[in-house]
Amino acid sequence: KKAFMYRKKNDELTEREVEGELVILQGSTGDIHKLNQVAACMWKELDQHFTPDRLVKRVTEQYAIDSKKARQDVDQFLNDMMALNLVEKI
């Protein structure tokens with residue numbers, strides 16, 4: 001089974017750090033999205049076109065959570081970002 005990679009839709013997104021939180025402006029809709037610390041970590045990794053498995057590894061290395069919880073967080077994050085049209089599979 002081939003692992004999908006994900007990337008940001010850079011052409012329509014502007015990122016800013018505001019008061020310690022990552023804020024994303026979606027130019028096509030005008031929507032503003034605020035990410036918590038773990039989501040911001042995953043978002044930044046998408047610059048390198050990460051697979052979900054690599055995101056899980058990064059989250060478990062960065063934060064004190066087990067791989068099962070990290071997998072749930074990564075899957076939820078990617079599903080949310082896809083639903084908001086902020087990332088795409090490649």
- Task: Go through Thr51 and Phe4 one step at a time and tell me if the side-chain contact (heavy atoms from CB on, under 4.5 Å) criterion holds.
- Result: CA-CA 6 Å; Thr51 63; Phe4 286 104; over 6 Å; no

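- Counting only residues at least two apart or on different chains, the salt bridge (Lys or Arg N to Asp or Glu O under 4.0 Å) pairs with a member in residues 80-90 are Arg7-Glu88.
- Each of Val87, Ile24, Leu25 was scored for a side-chain contact (heavy atoms from CB on, under 4.5 Å) with Leu13, with one residue passing: Ile24.
- In this structure, Thr29 OG1 and Leu86 CG are separated by 8.0 Å, a value rounded to the nearest 0.5 Å.
- The two atoms that bring Ser67 and Val56 nearest to each other are O-CG1, 4.0 Å, heavy atoms only.
- The backbone N or O of Ala70 sits nowhere less than 3.5 Å from a side-chain atom of Tyr63 that would complete a donor-acceptor pair.
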- Item | side-chain contact (heavy atoms from CB on, under 4.5 Å) assessment of Glu12 paired with Gln26 | CA-CA 6 Å; Glu12 60 181 47; Gln26 191 172 6; 3.6 Å; yes

- Assess whether side-chain contact (heavy atoms from CB on, under 4.5 Å) is satisfied between Gln62 and Val59, documenting all intermediate values. CA-CA 5 Å; Gln62 195 87 14; Val59 170; 5.8 Å; no

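- Residues Arg58 and Phe50 are in side-chain contact: their nearest non-hydrogen atoms beyond the backbone lie under 4.5 Å apart.
- Salt-bridge annotation for Asp53 and Lys57: absent, with no side-chain N of the basic residue lying under 4.0 Å from a carboxylate O of the acidic one.
- Nearest heavy atoms, Gln48 versus Arg54: OE1-NH2, 4.5 Å.
- Here Glu15 pairs with Lys8 in a salt bridge; the nearest charged N to carboxylate O distance falls below 4.0 Å.
- Atom CD of Gln72 sits in a crowded spot, with more than 12 heavy atoms from other residues, nucleotides or ligands closer than 6.0 Å.
- Annotation for Val38 and Asn36: closest pair N-OD1, 3.1 Å, computed over non-hydrogen atoms.
- Here the CG atom belonging to Leu55 is positioned 8.0 Å from the SG atom belonging to Cys41, to the nearest 0.5 angstrom.
- Grouping the Ile, Leu, Val, Met, Phe, Trp and Tyr side chains by contacts below 4.5 angstrom, directly or via other members, places Val23 apart from Leu46.
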- Item | Candidate pair Leu35 and Glu21, rule side-chain contact (heavy atoms from CB on, under 4.5 Å), full reasoning | CA-CA 6 Å; Leu35 303 183; Glu21 290 187 306; over 6 Å; no

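- A distance of 13.5 Å separates CZ in Arg71 from CD in Gln76, rounded to the nearest 0.5 Å.
- With values rounded to the nearest 0.5 angstrom, Thr60 atom OG1 is found 15.5 Å from Lys68 atom NZ.
- In this structure, CZ on Phe77 lies 11.0 Å from OH on Tyr6, to the nearest 0.5 angstrom.
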